[in-house]
Q: 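Questions regarding the structure given below will be posed in turn.
In this chain, residues are counted from 1 in sequence order.
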Amino acid sequence: MFTGIVTDVGIVRSVSERGDLRVRVGTRYAPEDIALGASVACDGVCLTVVDRGRDAEGAWFEVDTSAETIARTAIGAGPRPWAPGRRVNLERALKVGDELGGHIVSGHVDGTAEVIEMHPEGDSLRVSFRVPHDLARFVAPKGSVALDGISLTVNEVGSDTFGVNLIPHTRAHTSWDGLAVGNLVNLEIDTLARYVARLSEAAAA
């Protein structure tokens, strides 16, 4: 489990085909503190560490991404696929006793959302997204979503759109300082919203 609070911005150092897609990510995390088999959220996708180490370029860890993961996420889609040089939001798994600063995030991405509009609003940046129709009903005003692993509060919703505000701190400490219209981002809906919708459907049946 994760919280949607990004703790490092990694850099994709290499991508290779080994049955699954093997990705090496440069990080500020100490490799000796990352156990093999540990989970790390990479742009909101829960991935398993299969190797880690340190070289002349610094610390790194490697993860494998399956065809199913690539099909359901923005890893291989849109104008920002994972490739060397790509910046990636990172969060290590939540430990018992850690502060829950965002909201409960599983790292199981539901789909992708497309950036359709961006404009300044005070010191913040208002960003609007288009979301797949089957996921739109789970997004509610003042509810939570995880976008590329970032816990954000929804400001407003439309039939298949929603908007969030990015404060300067979020833009400065995530990979989203280069976000642009047309980008696809990983979307995980709030687990609570999923279960509330399911219970509502069962009650109406």
Q: Using a 6.0 Å cut-off, check whether atom CZ of R72 has over 12 heavy atoms from anything other than its own residue.
A: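 No, not enclosed.
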Q: Can you name the closest pair of heavy atoms from V145 and V154 and give their distance?
A: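 Residues V145 and V154, closest heavy atoms: CG1-CG2, 3.9 Å.
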Q: Does R28 have any salt bridge (charged side-chain N to carboxylate O under 4.0 Å, His left out) partners at least two apart in sequence or in another chain, and if so, which?
A: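 Testing R28 for salt bridge (charged side-chain N to carboxylate O under 4.0 Å, His left out), a comparison that skips the adjacent residues, returns D8.
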Q: Counting heavy atoms not belonging to D123, are there more than 12 under 6.0 Å from its CG?
A: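 Atom CG in D123 is not packed in, count stays at 12 or less.
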Q: Give a yes or no on whether the backbone of E62 and the side-chain of R24 come within a donor-acceptor separation of less than 3.5 Å.
A: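 No; zero donor-acceptor contacts below 3.5 Å.
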Q: Going by the rule salt bridge (charged side-chain N to carboxylate O under 4.0 Å, His left out), which residues pair with E114 if we only count those two or more places apart in sequence or in a different chain?
A: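 For E114, the residues satisfying salt bridge (charged side-chain N to carboxylate O under 4.0 Å, His left out) (neighbours in sequence not counted) are R130.
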Q: Would R13 and E57 count as a salt bridge (charged side-chain N to carboxylate O under 4.0 Å, His left out) if you check the C-alpha gap in whole Å, the side-chain angles of each, and the deciding distance to 0.1 Å?
A: CA-CA 10 Å; R13 288 172 52 176; E57 296 181 56; 3.8 Å; yes
Q: List, one per line, each side-chain donor-acceptor pair under 3.5 Å for residues 35-49, sequence neighbours excluded.
A:
from : atom 1 : to  : atom 2 : distance (Å)
D43  : OD1    : N89 : N      : 2.9
D43  : OD2    : R86 : NH1    : 3.4
D43  : OD2    : R86 : NH2    : 3.3

Q: State which residues pass side-chain hydrogen bond (donor to acceptor under 3.5 Å, both in side chains) with S144; sequence neighbours excluded, sorted by chain then number.
A: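 Here no residue qualifies.
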Q: Rounded to the nearest 0.5 Å, how far does CD of E91 lie from CD1 of I5?
A: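 That separation rounds to 7.0 Å.
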Q: Go through the structure and list residues passing salt bridge (charged side-chain N to carboxylate O under 4.0 Å, His left out) with D64, not counting sequence neighbours.
A: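 Once residues adjacent in sequence are excluded, the partners of D64 under the salt bridge (charged side-chain N to carboxylate O under 4.0 Å, His left out) criterion are R22.
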Q: Can you name the residues that form a salt bridge (charged side-chain N to carboxylate O under 4.0 Å, His left out) with E121, not counting sequence neighbours?
A: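 R126.
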Q: Do the rings of F129 and W176 sit parallel, tilted or perpendicular, given the 30° and 60° boundaries?
A: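 If you compare the ring of F129 with that of W176, the planes turn out tilted.
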